[in-house]
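Taking it in order: structure first as structure tokens, then the write-up.
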Amino acid sequence: MLRDLNNVDVLTLTIVGCLLIVAITKLLFPKRFNQFVSLLINSRHSNLYIKEQRFFDLFEGLLFLNFAINLGLLAYIYLSSIVLQEISQLSVFKYSFLIALFLLLKVLFERLLSSVLDTETIIDKYLFQKISFRNFIGLLLLPINAFLIYTLNPNKITLLIILSILVSIFIFGMTVFIKNNLNTFKKSLFYFILYLCTLEIAPYVVLYRIITTN
């Protein structure tokens, strides 16, 4: 059954806004954007820009905004279709804000922790790779969300398949990075395992609970 297209005003504006963000990013950084979209098949983008990363990068910032909005949109689609019966479309912005705030605070804490543990060099590279693949997933989410909104009503199986694919892409990126830096990770294996358990698993469980209970 097709969705009621008269009831997607806020969602349409959200999709259009994300398209504008992506278009502006490509307009401002055409060369880097073209390298970025091939992130899955080559490491040119990572090799070129990993050493140039700054505390705030406009290219990453714009794509992060697109990612946060699209993830908030996916959360809305999931909750409105599977979990809740009635939910305001404006909740998209609440979810996007919570996700963006959560991820920003998480990155700041990760950088602080890497400084305390004296693992800044490898963690900075790890964060760059993680942010890059997260932003890449944000690009994929844009057409996926549009498909879910304007075509068929999503069911639990469809959403689980989509989520599994996106998580697999993210894990692939992290696996490639760890493989390329295996010798470095071996030197601080205990700290890295502790890092994964405390900052890559538990926080997302907490975020999920916050979103689904509000």
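Hydrogens, waters and symmetry mates play no part in the numbers below; they use all other heavy atoms, side chains included.
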Quick one: CG on Leu62 to CD1 on Ile21, what's the gap to the nearest 0.5 Å? 7.0 Å
Distance-minimising heavy-atom pair for Leu166 and Ile137: O-CD1, 3.4 Å
Check whether any side-chain N or O of Ser80 sits under 3.5 Å from a backbone N or O of Ile77 as a donor-acceptor pair, and report yes or no. yes
Rounded to the nearest 0.5 Å, how far apart are CG of Leu63 and NZ of Lys26? 12.5 Å
Heavy-atom side-chain proximity of Val107 to Leu103 below 4.5 angstrom: no
I'd like to know whether Phe133 forms a side chain to side chain contact (heavy atoms under 4.5 Å, CB included) with Leu40, so could you lay out the CA-CA distance, the side-chain angles of the two residues, the decisive distance to 0.1 Å, and finally the verdict. CA-CA 9 Å; Phe133 268 85; Leu40 275 181; 3.8 Å; yes
Quick one, Phe93 with Thr14, criterion side chain to side chain contact (heavy atoms under 4.5 Å, CB included). Give me CA distance, side-chain angles, the key distance, then yes/no. CA-CA 9 Å; Phe93 303 115; Thr14 304; 3.8 Å; yes
Spacing of Tyr150 atom OH and Thr12 atom OG1 [to the nearest 0.5 Å]: 3.0 Å
Less than 3.5 Å apart, any donor N or O on the side chain of Ser132 or Asn135 sitting next to an acceptor on the other? no
Given Leu74, which of Val92, Ile69, Leu148, Leu79 fulfils the side-chain contact (heavy atoms from CB on, under 4.5 Å) condition? Leu148
When you group the ILVMFWY residues by side-chain heavy-atom contacts below 4.5 Å and let the links chain together, are Val10 and Phe97 in the same group? no
In this structure, CG of Leu141 is separated from SG of Cys18 (nearest 0.5 Å) by 9.5 Å
So, Glu60 and Arg32, do they make that salt bridge, N to O below 4.0 Å? yes
Show your working on side chain to side chain contact (heavy atoms under 4.5 Å, CB included) between Leu11 and Ile15 and close with a plain yes or no. CA-CA 6 Å; Leu11 305 186; Ile15 291 292; 5.6 Å; no
Evaluate the criterion side chain to side chain contact (heavy atoms under 4.5 Å, CB included) for residue pair Leu163 and Leu159; output intermediate values, then yes/no. CA-CA 6 Å; Leu163 185 60; Leu159 290 172; over 6 Å; no
Might you point out which heavy atoms bring Tyr76 and Gln89 nearest each other, and give the distance in Å? OH-CG, 3.3 Å
Do Leu65 and Leu20 sit in the same hydrophobic cluster, where Ile, Leu, Val, Met, Phe, Trp and Tyr count as joined when their side-chain heavy atoms come under 4.5 Å apart? no
Under 3.5 Å, side chain of Asn66 to main-chain N/O of Val22, donor-acceptor pair present? no
Under a 4.5 Å side-chain heavy-atom rule over Ile, Leu, Val, Met, Phe, Trp and Tyr, are Phe147 and Leu71 clustered together? yes
Could you check Thr158 against Asn155 for side chain to side chain donor-acceptor pair (under 3.5 Å), going step by step and ending with a plain yes or no? CA-CA 5 Å; Thr158 302; Asn155 55 44; 2.8 Å; yes
Looking at every non-hydrogen atom in both residues, tell me the closest pair between Ala68 and Ser96 and how far apart they are. O-OG, 3.4 Å
Closest heavy-atom contact between Phe170 and Lys130? CZ-CG, 3.4 Å
Do Phe36 and Phe59 pass the ring-ring contact (aromatic ring centres under 6.0 Å, His included) test, and can you show the C-alpha distance, the side-chain angles, and the key distance before you say yes or no? CA-CA 10 Å; Phe36 179 78; Phe59 178 84; 5.6 Å; yes
For the hydrophobic clusters of this structure (ILVMFWY residues joined by side-chain heavy atoms under 4.5 Å, transitively), does one cluster hold both Leu73 and Leu101? no
Using 0.5 Å steps for rounding, measure from the CG atom of Leu139 to the CD1 atom of Ile144. 11.0 Å
Report the distance from atom NZ of Lys106 to atom CD1 of Ile99, rounding to the nearest 0.5 Å. 13.5 Å
Do the non-hydrogen side-chain atoms of Ile131 and Phe64 ever get within less than 4.5 Å of each other? no
Would a single hydrophobic cluster contain both Leu140 and Ile171, if residues Ile, Leu, Val, Met, Phe, Trp and Tyr are joined by side-chain heavy-atom contacts under 4.5 Å? no
